[in-house]
Each structure stands twice: as C-alpha cells, then as structure tokens.
Amino acid sequence: MMTFQLCNPTEIRFGKGQIATVGDLVPTDARILLLYGGGSIKTNGVYDQVMTALADRPVEEFGGVEVNPYYETLQQAARIGREKGVSFVLGVGGGSVIDAAKFLAAMIATGLDDPWDRLAADPGSVVPLPNGAILTLPATGSESNPVSVISSTVRSLKIPFASQAARPRFAIMDPTTMLSLGRRQLENGAVDAFTHVLEQYLTLPVNAPVQYGFSETLLKVLIEWGPKLIETRSEEACENVMWAANQALNGLIGAGVPQDWSTHMIGHAITALHGIDHARTLTMIMPSLLRYKLKDKSAMLARYARNVWEIDERDDGRAAELAIERTEDFMARMSCPVRISQAGIELDPQAVLDHLQHANQTSLGERADIKGDDVRRIIAMAA
Ligand SMILES: NC(=O)c1ccc[n+]([C@@H]2O[C@H](COP(=O)([O-])OP(=O)(O)OC[C@H]3O[C@@H](n4cnc5c(N)ncnc54)[C@H](O)[C@@H]3O)[C@@H](O)[C@H]2O)c1
C-alpha cells in the first residue's frame, strides 16, 4: 500500500427530515450565505425546509449558480458575501452548487476580487470560510470531499481545485430531495459515481484488499441500484445511490492506492468546449481509454471482471476485454453515450490538448504516461 493521510471531518446527517437539523450545525454567531442554483430548491420544498430551520439566523442568498459553475458568477457572489460580512457559506444543491460553495468560501477569504491565479497556483494556501452542504443530487461526492471543479468563461477552462480545508463541515443528505430530479440527472449521477470508483480502482495493483473490496461493493451497488433508481425512484434506490455516490469520492477508497483521473481531465475539456453534462463526457471516453490502456491495467481489469461482473474467464486479457464490454453496456443501459458521435458533437483533439495544456494536465493516468499523442489516439478510438 502507498503511504497516505486521511482526515475526513465532514459530519454526515443522512435520511429523511435531516435538513431540519441544519441550525444545529451552523455556528450560532455565523452570518450565512445560502448559495443555490437554478431554483429547483424553491419548487421542491428544500428551500422552505432550510429557511424554516434557519428562521432566527441572519441569512443572505445568492441564487443562479450554473451547472459546471462559473468563476465569473462566483466573483459576484464573493463581492456580496464581503459586503454583507458573511462568515459561513451554505451550498444547497448538486455537485455544481456544492463545488461553488467550497470555492466561494476560499474566494471570499482571499479578500481579492480576482483570486483565480492565487487559487490555481496553490488552493491549499488559503484558509477558506467554513462551509456546509445540503445535497440534492447524488453524483460527485463533493459534499464531503476537498475538490471544487470550476469553469471560467474568460479563460475557457474547467479545472479542479483541491483544498483539504475546503471540505464541508457537514453534509446533509436527505434522499427524498431526489424525487424532483429528472431522469437524465439520475442517470448522470449514478454513472458519475461509477466512474469515480473506477478511476481509483482500475490502476496499478498494490496491496490494498480493503480499498478494492470496498470499491467492488460500491460498483455492485451502483450496477444494481442505478437502473432501479431510474425505473422506480423507490426510497431504497434513492438511499443506496445517494450513499454509494458519497462513499465513491470521500477519500476512503482512494487512500493508499494509485489513482488515474485521465477520463475526468479529458471530460472536463469536453465540457469546457461543448457544454456537455459532466457524466456524459466520462462515458464517451472511459471505455476507449480502458481499451487503450488494457495491457497496463489488465491485472485490475481482470479482478474487476471476476469480482464485480462475475465473469468466469481464466485468461486475464480476455477477462479484461469482457469487463470493458460490460462497463460499456452498463453505461448504455443508463442512456449515456459511449462514443463521442453519440453525443452529436465533433471533437477537435487539438482543442482538447490545448485545454489540457492550459490546465497543466499534460501527463495523465496513474503512471503519468498518457501524453498528448495518447489523448489523440484515445479520442480517435472513442469517435
Ligand atoms: N467535487 C468533486 O469531487 C466533483 C466530482 C465530480 C464532478 N464534479 C463537478 O460537479 C458538477 C456536476 O454536479 P452534479 O452532477 O451533481 O449536477 P449539477 O449540480 O450540475 O446539477 C445538475 C442539474 O440538476 C438540478 N438539480 C439538482 N438537484 C435537483 C433536485 N433535487 N431536483 C431537481 N433538479 C435538481 C440542478 O439545478 C442542475 O440543473 C460538474 O461541474 C462536475 O465537474 C465535482
């Protein structure tokens, strides 16, 4: 196992009715900035639940955070936050809003009107305001992890920023908030969580049976309950997908193991260039990337084939191929594109490479050996 440090101080409150307890979690002297997105929280009752729970507390609001949140919008929110003397940021929404809340907490703390370069250079150098999360869409794990993925229109970039100090103080996860989600968002959520597990699991094998066993359970839960969630939206399905998506990216399964993230970095470039939903950019790239790296990843792919897909095949290479086929089938069953053309776009590989260059992501993968020409070949395979 590789050495690791793991500290996840986010307090989780999971289950129906937990939003009512948010007042116990925000410091009593806090001036709160409630951050939200397109307004679904105002029609599905979540906003009312939050405001009722915080009825006697000073709350400022900022709505309109976009899907794939824009830095330029957050600059406006930061100005308001500073003017109003905000001391706590509460993100209520999906991964976009929660990423935005964490990043905004750092932006306000810098005291700068344009802190992009400072935060891009070293996000951990800023002690952000404390923040909390009320999750309404399970997918990203953002509610208890240190990452914010932020887009900039001015820079035409979408990049991740990671700061341990930005982890939310608490994450409230009420699976009943998922009942107002559209089918596409549910599909996206389940496959996004699925790819998060794969990017931490399908790498170089090390001595990590705990992490691998946990990953395999999460994958099996998502394979079973993802389609059930779409078909039934049952209470059980909402609970299982919400909890699996959180556990998929809260630091635990990635501790002590090599990680890949190349599909995500290419996917971020595709969203920046074509505005495609995050999860769908992953499914259109990942099967081809796994095929391209089949040899390097064959030991873990073969383990995945046997332990997750129950493929009875003695030859590792063949088992790996079959596991990729099953992965692709699962993504297609979740109505996600597994080829770039299925998303109706023409992707310019050079534009993707330029994005990766600007984002300082020129050596991808667990071995840092996926370079520009490899990305071109993967995109050609995924066409
Ligand atoms: N922080 C991380 O570790 C991490 C990991 C993966 C992805 N991301 C980023 O997260 C973003 C995607 O987040 P997401 O997939 O959670 O989706 P999202 O937050 O972008 O939300 C998608 C849509 O669902 C709507 N929505 C949210 N909750 C709803 C509800 N309960 N009812 C009805 N509508 C609702 C939103 O308003 C939005 O229109 C991307 O920018 C992606 O890059 C972050």
Side-chain angles (χ1 to χ4, degrees), residues 8 10 19 35-47 49-50 63-71 73-74 91-103 123 131 133-152 157-164 166-168 171-200 233 238 241-242 245-251 254 259 261 263-272 275-283 336 359:
N8 192 334
T10 304
I19 294 173
L35 194 71
Y36 59 93
S40 62
I41 64 164
K42 293 213 167 162
T43 51
N44 65 9
V46 170
Y47 175 85
Q49 290 180 58
V50 175
V65 173
E66 307 86 355
V67 168
N68 307 305
Y70 288 126
Y71 171 72
T73 304
L74 298 182
V92 184
S96 291
V97 169
I98 295 174
D99 279 8
K102 295 190 286 188
F103 197 70
N131 77 91
I134 297 181
L135 181 67
T136 63
L137 195 180
T140 63
S142 181
E143 66 278 4
S144 64
N145 77 29
V147 178
S148 293
V149 187
I150 304 296
S151 299
S152 165
L157 274 182
K158 179 179 184 192
I159 59 172
F161 295 81
S163 162
Q164 293 298 334
R167 278 191 204 254
I172 298 183
M173 287 181 252
D174 176 346
T176 65
T177 60
M178 295 166 64
L179 296 175
S180 55
L181 282 164
R183 183 185 169 109
R184 184 182 177 104
Q185 289 145 359
L186 293 172
E187 291 161 356
N188 285 352
V191 297
D192 189 24
F194 189 76
T195 61
H196 292 157
V197 181
L198 291 183
E199 295 234 77
Q200 297 165 91
R233 276 172 208 242
C238 290
V241 172
M242 191 173 240
N246 173 271
Q247 297 289 293
L249 197 49
N250 72 348
Q259 301 186 17
W261 300 113
T263 295
H264 267 74
M265 295 313 120
I266 298 170
H268 290 165
I270 298 173
T271 297
I276 292 184
D277 303 5
H278 171 65
R280 287 161 196 262
T281 65
L282 307 176
T283 57
C336 287

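One-based numbering, in listed order, for ligands and for the atoms of each. Basis for what follows: all heavy atoms, side chains included, without hydrogens, waters or symmetry-related copies. In this chain, residues are counted from 1 in sequence order.
- Every atom of ligand 1 is numbered from 1 in the order shown, and the set under 4.0 Å from a heavy atom of V67 is 20 (O), 38 (C), 39 (O).
- Note on ring orientation: taking the six-membered ring where Trp is involved, the planes of W261 and H196 are tilted (angle from 30° to 60°).
- Short contacts between ligand 1 and L249, defined as distances under 4.0 Å to a heavy atom of the residue, involve ligand atoms 3 (O), 5 (C).
- Looking at D99, T176, N250, V147 and measuring to atom 9 (C) of ligand 1, the nearest heavy atom belongs to D99.
- In summary, the atoms of ligand 1 found under 4.0 Å from a heavy atom of D192, numbered by their order in the structure, are 6 (C), 7 (C).
- Here the side chains of L249 and T140 are not in contact, with every heavy-atom distance at 4.5 Å or above.
- With sequence neighbours excluded, the residues that form a ring-ring contact (aromatic ring centres under 6.0 Å, His included) with Y71 are W116.
- Nearest to atom 40 (C) of ligand 1 by heavy-atom distance, out of V46, N68, I150, is N68.
- When all heavy atoms are compared, the tightest approach of I98 to G93 is CD1-O, 3.5 Å.
- Counting the atoms of ligand 1 from 1 in the order shown, those under 4.0 Å from a heavy atom of K158 are 40 (C), 41 (O), 42 (C), 43 (O).
- Here the shortest heavy-atom distance to atom 15 (O) of ligand 1, taken over S40, S142, A139, G91, belongs to A139.
- A 4.5 Å side-chain heavy-atom check between M265 and P160 finds at least one atom pair inside the cut-off.
- Between T195 and T263, every side-chain heavy-atom pair lies at or beyond the 4.5 Å cut-off.
- Under the 4.0 Å distance rule, the nearest protein heavy atom to atom 36 (C) of ligand 1 falls outside the cut-off.
- The closest protein non-hydrogen atom to atom 3 (O) of ligand 1 is N145 ND2, 2.9 Å.
- Evaluated by nearest non-hydrogen atom to atom 20 (O) of ligand 1, the leading choice among S96, A166, S180, A279 is S96.
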